[in-house]
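The next block holds one structure in the form of structure tokens; read it before the comments.
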Amino acid sequence: MKRVIVGLSGGVDSSVAAYLLKQQGYEVIGLFMKNWHDDSVTISNECPWLEDSNDAMMVAEKLGIPFQTVDLSEQYKERIVDYMFNEYERGRTPNPDVLCNREIKFDVFLKIALSLGADYVATGHYCRKETISVEGKEVHRLLAGKDPNKDQSYFLCQLSQEQLSKTLFPIGELIKPEVRKIAQENELITADKKDSQGLCFIGKVRLPEFLQQKLKPKEGQIIEIDSSSVLQKKEPREFDNKIDELAYNAQRLTYSVAEGKIVGKHQGAHYFTKGQRKGLAVGGTPEPLFVIETDVDENIIYTGQGKDHPGLFRKALFVSNQELHWVREDLTLAPDQQLEVMARIRYRQPLQKARLYQVESGMYVDFDQPQSAITEGQFVAFYLGEELIGSGVIG
């Protein structure tokens, strides 16, 4: 009887994951991760950990499985929260959910589980794992979940072969309504519980207030840039080779105050991210303003009117070798190699046709169609069919 430790979060997905594993004959133990103590920045009743841990305990009781709580708040603060502050300070936009999976659930938590004699850990993620043999070696494939509305493979884009070898995703073959139905039929307290929103495990956080704990507000200008001046910067040009063209297309556009007009004030450029339209508090424009670039050194936010503003779009992006990660190590590209893939630059974005170009210093991702709000610090994930093969931090 193999032992599986399930990360019981107090939600319906992990509850049903535990139920299914028990049905399949595993020895199942429920473990709740407590990752956050500071209630001052959460929007009170949205997702307090205490309620979640109680729900998780009641599910474990109902299923007749052992249950315990582990406090990982120290590691969470160090590996997720501090990293987030650091990235925002640099004018980048991190993805805490991807990090939380890489650093907490499938690292710290996994190690605790293995120390408790577990053969596997399991989570309530909507994704699937398949194990194949490549040249006589076991290789684990990370596949999209069956439910197209809930596929969470993107959040697991930083997992390694080692981590996947120890992981089970029991609900990956199901769609959400089926999961809720199983929970109802088995009278699990979480059956009708709303899905949690907000930062992984912290609950629904007011992000600016969360950031303000460390990043002090400082007033700066909001500048509006006209479409025409962006189009001038993007005038078509000839290139000697494909790599020069990619480098040009992947470049961030830079602006100066002189190129636009002052339309308002903000409380800190590091609170804003590309593509953002809420929170600018600037009215009176024919179309809404979107953030097209932030300059944290000068504390300036550059904006443009409308979601089709050319300042929002870029055709390529770059990932440095240090930030590049292959889930399928056997598919790693060597310099000068290319690969046609489907890619996404954010969760829930429909997959986009793209081509990977490996160079000495890293990899270019060249999209068929220009992409809106390619954001430094976020993750790009690449797929072959329904398999996620690798990812990287957008530089």
Side-chain angles (χ1 to χ4, degrees), residues 5-11 14 30-57 67-116 121 123-125 152 155-160 163 167 196-218 267-268 270-273 296 322-323 325 347 375-379 391 393:
I5 292 192
V6 181
L8 276 185
S9 66
S14 61
L31 208 54
F32 177 84
M33 289 172 260
K34 181 183 176 188
N35 289 348
W36 195 245
H37 289 297
D38 185 355
D39 295 335
S40 64
V41 288
T42 52
I43 298 173
S44 53
N45 306 318
E46 280 288 328
C47 176
W49 68 268
L50 204 59
E51 188 187 312
D52 287 341
S53 85
N54 280 336
D55 288 348
M57 187 167 67
F67 174 79
Q68 63 190 90
T69 297
V70 283
D71 190 337
L72 305 182
S73 44
E74 207 174 298
Q75 294 96 321
Y76 192 85
K77 184 188 173 305
E78 200 177 290
R79 295 200 193 188
I80 310 297
V81 178
D82 292 350
Y83 175 88
M84 279 176 66
F85 282 130
N86 191 21
E87 286 284 88
Y88 276 109
E89 221 159 15
R90 293 170 59 198
R92 290 166 43 126
T93 306
N95 186 314
D97 292 301
V98 174
L99 288 168
C100 186
N101 285 319
R102 184 182 80 192
E103 301 288 334
I104 304 293
K105 284 186 199 166
F106 297 93
D107 187 40
V108 179
F109 179 75
L110 177 61
K111 284 172 181 153
I112 290 170
L114 296 176
S115 74
L116 294 172
V121 294
T123 61
H125 281 103
Q152 290 173 313
F155 290 137
L156 303 173
C157 67
Q158 288 276 296
L159 296 195
S160 66
Q163 290 167 319
T167 303
S196 67
Q197 299 293 319
L199 295 188
C200 174
F201 292 127
I202 295 185
K204 199 156 185 173
V205 167
R206 292 189 180 94
L207 201 58
E209 286 170 33
F210 185 64
L211 294 173
Q212 272 164 19
Q213 297 183 338
K214 255 204 171 154
L215 308 176
K216 294 290 167 248
K218 56 175 176 183
Q267 289 307 307
H270 43 252
Y271 299 144
F272 291 84
T273 183
V296 289
Q322 293 81 349
E323 305 270 32
H325 172 76
Y347 176 54
T375 306
E376 290 72 27
Q378 291 276 308
F379 290 87
S391 66
V393 181

Could you walk me through whether Asn101 and His125 pass side-chain contact (heavy atoms from CB on, under 4.5 Å), step by step?
CA-CA 10 Å; Asn101 285 319; His125 281 103; 3.4 Å; yes
Side chain to side chain, Lys34 and Tyr76, heavy atoms closer than 4.5 Å
no
Rounded to the nearest 0.5 Å, what separates atom CD in Glu87 from atom CG in Leu99?
8.0 Å
Which residues satisfy the side-chain contact (heavy atoms from CB on, under 4.5 Å) test with Val393, sequence neighbours excluded?
Arg92, Glu323, Phe379
Please give me the minimum heavy-atom distance between Pro94 and Tyr83, naming the atom from each residue.
CB-CE2, 4.0 Å
Any residue meeting side-chain contact (heavy atoms from CB on, under 4.5 Å) with Glu78, in chain and number order, not counting sequence neighbours:
none
Verdict with reasoning, Ile5 to Phe109, per side-chain contact (heavy atoms from CB on, under 4.5 Å):
CA-CA 10 Å; Ile5 292 192; Phe109 179 75; 4.0 Å; yes
Measure the spacing between CG of Leu72 and CE of Met33 and express it to the nearest 0.5 Å.
7.0 Å
Salt bridge (charged side-chain N to carboxylate O under 4.0 Å, His left out) partners of Lys218, counting only residues at least two apart
none
Could you check Phe106 against Leu156 for side-chain contact (heavy atoms from CB on, under 4.5 Å), going step by step and ending with a plain yes or no?
CA-CA 9 Å; Phe106 297 93; Leu156 303 173; 3.6 Å; yes
Any donor and acceptor pair, going by atom type alone, linking the side chain of His325 with main-chain N or O of Leu159 inside 3.5 Å?
yes
With the side chain counted from C-beta on, respond yes when Gln158 and Ser391 share a heavy-atom pair under 4.5 Å apart, and no when they do not.
yes
Where Asp82 and Lys214 come nearest, the two heavy atoms and their spacing
OD1-NZ, 3.7 Å
Taking all non-hydrogen atoms of both residues, which atom of Ser9 and which atom of Asp52 are closest, and how far apart?
O-CB, 3.5 Å
Gap separating the OG1 atom of Thr123 from the CG atom of Leu8, nearest 0.5 angstrom:
11.0 Å
Kindly write out the residues that satisfy side-chain hydrogen bond (donor to acceptor under 3.5 Å, both in side chains) with Glu89, not counting sequence neighbours, or none if the list is empty.
none
Considering residues at least two apart in sequence or located in another chain, which fulfil the side-chain contact (heavy atoms from CB on, under 4.5 Å) criterion with Thr375?
Thr93, Thr273, Lys274, Ala373, Gln378
If you compare all heavy atoms of Pro96 against all heavy atoms of Met84, which two are closest, and at what distance to 0.1 Å?
CB-SD, 3.6 Å
Between atom OG of Ser73 and atom CD1 of Ile80, what is the distance when rounded to the nearest 0.5 Å?
12.5 Å
With sequence neighbours left out, the residues meeting ring pair (Phe, Tyr, Trp, His ring centres under 6.0 Å) with Phe32 are none
Please round to the nearest 0.5 Å and tell me the distance separating atom CD1 of Ile104 and atom CG of Asn35.
6.0 Å
Results of ring pair (Phe, Tyr, Trp, His ring centres under 6.0 Å) for Phe67 - residues two or more places apart only
none
Heavy atoms only: give me the nearest Ser14-Gly10 pair and the separation to one decimal.
OG-N, 4.0 Å
For Asp107, which residues count as a side-chain contact (heavy atoms from CB on, under 4.5 Å) partner, sequence neighbours excluded?
Arg79, Lys111, Gln163
Which heavy atom of Asp97 sits nearest to which heavy atom of Asn95, and what is that distance?
N-OD1, 3.0 Å
Roughly how far, to the nearest 0.5 Å, is CG of Leu110 from OG1 of Thr167?
6.0 Å
Listed by chain and number, what are the side-chain hydrogen bond (donor to acceptor under 3.5 Å, both in side chains) partners of Asn86, not counting sequence neighbours?
none
